[in-house]
Amino acid sequence: ATVPLPLPARRPFCAMDHSAEGACEPMRAEWQLPLPRLPEAMLRPLGGACCGPPPCAAEHTPCSDSARCEGTPTDSTRSGDSFREIRVCRFCLDSEDFDMDSVCSGCVEDAANDFVQPCPCRGSLKYVHLSCLVQHFEAQGSWHNFRCPTCKQPYEGRALRELAQISRARVLQLHGPTSPHMAHSLCYLAQAHAQLGDARKSKELLEEGLAVSEGHFGEGHVATTAALAELASAHGKMGDVQKQRELLERCLQIKEQHFGLDHINTAVTLNNLATAHSELGNVEEERAMLERSLEIKEKHYGKGHVATTAALVNLAGVYSGLGDISRGLQLLEVSLDIEERHFGVGHVETAITLNNLALAHGEGGDIPKMQELLLRSLRIKEGHFGAEHQELCLTLANLGLACAAAGELVGARDYCERAVRVCCGPESAWSRRRGVVLLRAASVYFALGDDTLAADVADRSLAALERAVGRRACDHVLGLESARMARIWASVRRPEVAQRLQEFRAAAAASHQWAADMQVCSV
């Protein structure tokens, strides 16, 4: 069995690039320090050891494992010239390698659908029957232990949803609907629905969990801040950025009253509040929040500590958006130096900063440097995630942009086609990242003179952004992206491409205003 090597805790992507890797990759959400725990007797797991605070008590990061090994996979079988992965359950060791002549297609489909990949484990530990995982969870009887016993990472997606539903039912039986245990279960279940793309259901569950927490501890208690932060995130994903900001401001106020203005536990909330201000176009408020967050972290950890790099990268994105390219470059170079000293050159944690640094060089007119850094970022990501993973799509789109700016038309088209294929695959979610990838690809197609394809991809970008962040935030993203790409195209004397993007943005804004007016008339 292959066991994943332990990695340093990985910071998740929040949304700033103001995309997911943008012209500066996404705002890096950070690990939040654990909030004061409930009394030990109250938090004691039901029948076993607890896996720690619920997901809303600490910002969740995507699980990642060690770099992929090259060569023939051990759990694959050759079919012609291609490999077909055979999934084997880590518990019962049954596989999906059926004799197709003796088993009905319905049985094969049912068995295949029961397989899940719930955590970063690899090799023979990669897959498990969902039914086997449920049996294991129920046998443990620890109704808030949602971590893999091997890699110690939280379960995700379908697996987490199934286990959290069982947790909620058992907690209801044992402790009733108003117990803090119920708030924990609801928070995990909300996280699972968010991962599966159901932001509305996630919001409903978080509202229920917040009501339980406030009913037990009282409104304004520090134990409610985690649920407030998660609920704010859910509103942001649904496009209600105003509500997101209001909830984060409540969360910040409670923390400041409990911990103090400059306590490290306020830094993550400041970072997330800066994200909301970014979506609303409040650039000065965003900068103030990030500078305060960075000051708190440097005071707590010390300058040059790896825990400060997320704030440095986010702040660099703000300066880039304000047109201060040199300041943005300076902060990104400091961040990359810290990360490479801490993680090592070529580590996956450095790939985001390399991507952002490349875009900053592109905005400053240094296209060859932009290409060089993007290729480094892409090689790191391919080695870690594989060639068709979602995490590659923005770097691929950026490489398409860089190649087009350098006049390498074949490479530009190839990278953009690959970026669009990866970000729009059958398992990809409607996200801001998808919208930004499509928008950057559209700018490349405009530059290549393929106006028909460019218009189609731009329309798909608009649809993705509207669905992911809402119309108001969509206008803001389009404005940021248009300005950034305009600087890159202007640096290579292609202002007509920037003009086409501005025309597209103006048409989108007019469409949104018309829709808003029609909604008012219908009311």
Side-chain angles (χ1 to χ4, degrees), residues 34-60 91 114 116 118-119 128-149 153-235 237-238 247:
L35 293 175
R37 285 179 173 252
L38 301 174
E40 184 177 355
M42 187 177 297
L43 260 188
R44 186 173 58 251
L46 314 177
C50 184
C51 68
C56 53
E59 291 183 356
H60 172 69
F91 287 138
D114 192 34
V116 292
C119 65
V128 63
H129 287 130
L130 185 55
S131 55
C132 290
L133 184 61
V134 166
Q135 289 181 32
H136 173 73
F137 181 69
E138 291 179 331
Q140 282 187 314
S142 180
W143 308 116
H144 292 142
N145 186 358
F146 299 100
R147 288 186 183 273
C148 170
Q153 294 289 345
Y155 293 129
E156 295 186 339
R158 285 176 57 206
L160 179 59
R161 181 179 62 186
E162 186 74 17
L163 300 184
Q165 287 172 341
I166 295 170
S167 170
R168 179 174 62 173
R170 294 305 298 268
V171 166
L172 180 63
Q173 292 174 349
L174 294 168
H175 294 272
T178 60
S179 164
H181 292 284
M182 178 58 73
H184 275 48
S185 298
L186 290 168
C187 203
Y188 282 113
L189 187 55
Q191 183 192 21
H193 280 286
Q195 291 170 356
L196 294 169
D198 193 345
R200 187 171 300 280
K201 182 64 176 178
S202 177
K203 180 181 77 73
E204 293 171 358
L205 291 165
L206 288 167
E207 288 172 340
E208 185 180 349
L210 178 61
V212 171
S213 295
E214 290 183 335
H216 184 87
F217 297 106
E219 189 173 341
H221 193 280
V222 70
T224 67
T225 55
L228 283 169
E230 286 293 320
L231 185 57
S233 177
H235 278 286
K237 290 175 182 176
M238 294 180 64
L247 291 168

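Note that these values count all heavy atoms, side chains included, but never hydrogens, waters or copies made by symmetry. Position 1 is the first residue of the sequence; numbering continues from there.
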- Query: Is any side-chain heavy atom of L196 less than 4.5 Å from a side-chain heavy atom of R158?
  - Reply: yes
- Message: Could you go through H181 and H144, starting from their C-alpha distance and side-chain angles, then the distance that decides it, and tell me whether this counts as side-chain contact (heavy atoms from CB on, under 4.5 Å)?
- Response: CA-CA 8 Å; H181 292 284; H144 292 142; 3.8 Å; yes
- Determine whether T178 and H216 make a side-chain contact, defined as any pair of heavy atoms from C-beta on separated by less than 4.5 Å. no
- Decide, yes or no, whether a salt bridge links R200 with E204 under the criterion of side-chain N to carboxylate O below 4.0 Å. no
- Smallest separation among heavy atoms of H193 and S202, with atom names: CB-N, 4.1 Å
- Nearest heavy atoms of A190 and L206, plus distance in Å: CB-CG, 3.5 Å
- Output, in order, the C-alpha distance, side-chain angles, deciding distance and verdict of side-chain contact (heavy atoms from CB on, under 4.5 Å) for L133 and Y155. CA-CA 10 Å; L133 184 61; Y155 293 129; 3.6 Å; yes
- Heavy-atom distance under 4.5 Å between the side chains of V134 and L163, does that happen here? yes
- Return the minimal non-hydrogen interatomic distance between L189 and Q165, and the atom names on each side. CD1-CG, 3.6 Å
- Rounded to the nearest 0.5 Å, what's the gap from OG on S233 to NZ on K203? Could you check? 13.0 Å
- Message: Working note: D198 + R161, criterion side-chain contact (heavy atoms from CB on, under 4.5 Å); need CA distance, chi angles, decisive distance, verdict.
- Response: CA-CA 11 Å; D198 193 345; R161 181 179 62 186; over 6 Å; no
- Message: Let me confirm one number: the CD-OG distance from E162 to S131, rounded to the nearest 0.5 Å.
- Response: 9.5 Å
- In this structure, CG of L205 is separated from CG of L210 (nearest 0.5 Å) by 12.5 Å
- Message: Does the plane of the ring in F146 sit parallel, tilted or perpendicular to the ring in F137? Use 30° and 60° as the thresholds.
- Response: parallel
- Item | Main-chain N/O of G157 paired with Q195 side-chain donor or acceptor, under 3.5 Å | yes
- In terms of heavy-atom contacts, A159 and V116 come closest through CB-CG2, 4.3 Å
- Task: Kindly determine whether R168 and M182 satisfy side-chain contact (heavy atoms from CB on, under 4.5 Å), including the steps that lead there.
- Result: CA-CA 6 Å; R168 179 174 62 173; M182 178 58 73; 3.6 Å; yes
- Query: Could you state the interatomic distance from CD (E230) to OG1 (T225), rounded to the nearest 0.5 Å?
  - Reply: 11.0 Å
- Message: Using only atom types and a distance under 3.5 Å, with no angle test, would you say the side chain of T224 pairs donor to acceptor with the backbone of H221?
- Response: yes
- Shortest non-hydrogen contact from A183 to G209? CB-O, 3.8 Å
- Kindly indicate whether the side chain of P118, heavy atoms from C-beta on, has any atom under 4.5 Å from the side chain of L160. no
